[in-house]
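First the structure, in the form of structure tokens, and then the observations on it.
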Amino acid sequence: MYAHPKTRFEPTRIAPDTFLIHDHHGEGEAPVSVALNSMVIRAAQPVVVDTGVAENRDQFLADVFSVVEPADIRWVFISHDDIDHTGNANALMELAPKATLVINWFMAERMGGSLAVSPTRQRWVGDGERFDVGDRTLVAVRPPVFDSPTTRGLYDSKTGVYWASDSFAAPMLQPVRYAAELDESFYVEGINTFDRYVSPWLELVDDARFQTTVDRVAALAPTVIAGCHTPAVTGDRVTAAIAATRRSPSAESLPEPDQTVLEQIQAALTAPVAA
Ligand SMILES: [Fe+2]
Ligand SMILES: [Fe+2]
């Protein structure tokens with residue numbers, strides 16, 4: 001439950017028939033807030049991309065169904081098996097009887113009993129594989145930065161939108177719809193810090209080999225980068241986000257909040273409230 005008023009964004013149309021479904025965490029409780037987005041592609045066979053957190057279920061479902069009727073949803077693509085991407089997968093699949101859940105073998109294994117969707121309603125799509133949704137092909141492309149071995153992003157060949165899962169993530173001082181609304185240096189440094197938190201193994205990688213994983217996304221020439229933890233990346237910010245990611249293995253990043261920070265939070269929670 002949020003004790004503070006939460007900024008509310010209706011779904012944002014980021015490309016033809018493509019809508020970012022907004023949510024975020026941390027507003028009013030932490031120095032920064034972090035997006036928790038999902039996406040809907042109103043293709044000939046409509047697609048929902050990631051499903052947000054369970055705590056936001058009512059709003060998530062209302063937002064998705066404001067864009068597409070549940071009976072029309074044909075595909076629910078999950079980028080990886082973290083709870084901020086799978087939180088409403090079971091609920092959505094129950095409400096969308098014609099939908100097929102697009103995951104992969106390892107996601108099914110890792111989710112185990114928490115996945116309540118029959119294998120008969122699943123399709124397994126791995127990195128580099130594609131599936132047809134009637135008027136376009138969607139391609140699963142692993143982003144350069146990820147925190148689960150199951151991760152695949154999703155590239156829409158018709159609009160050029162790339163769903164980056166946990167990659168190209170950056171915090172926001174205040175919730176915004178577009179990355180262009182953030183101060184540029186704050187934004188690109190935020191990408192570096194998030195990349196290092198999400199993928200601490202970046203400091204171990206061979207830089208030339210890492211760059212080939214960024215090249216792969218750059219070669220898609222995405223018109224828009226959308227992701228779970230970034231406002232919509234459009235215009236010049238697409239280039240800036242890709243360039244920032246290239247620097248992440250060697251960039252300075254802020255240390256993760258530690259026990260000292262927890263003690264500050266505990267002190268704030270237990271401080272006597274003025275009468
Ligand atoms: Fe994740
Ligand atoms: Fe995530």
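Every number for a ligand or one of its atoms is a count from 1 in the order of the listing.
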_Salt bridge Arg196-Glu203, side-chain N to carboxylate O under 4.0 Å_ = yes
*Are His229 and His85 near enough that their ring centres are under 6.0 Å apart?*
yes
Could you tabulate the donor-acceptor pairs under 3.5 Å formed by side-chain atoms of residues 253-260, not counting sequence neighbours?
from, atom 1, to, atom 2, distance (Å)
Asp258, OD1, Thr260, N, 3.1
Asp258, OD1, Thr260, OG1, 3.3
Asp258, OD1, Val261, N, 3.4
Gln259, NE2, Glu263, OE2, 3.0

*So which protein N/O/S atoms does the Fe ion (ligand 2) have within less than 2.8 Å?*
Asp84 OD2, His85 NE2, Asp166 OD1, His229 NE2
*Rounded to the nearest 0.5 Å, how far does CZ of Phe186 lie from CD1 of Ile191?*
11.0 Å
*When you check the gap from the basic side-chain N to the acidic O, do Asp23 and Lys6 get nearer than 4.0 Å?*
yes
_Is it the case that the ring center of Trp163 lies less than 6.0 angstrom away from the ring center of Phe168?_
no
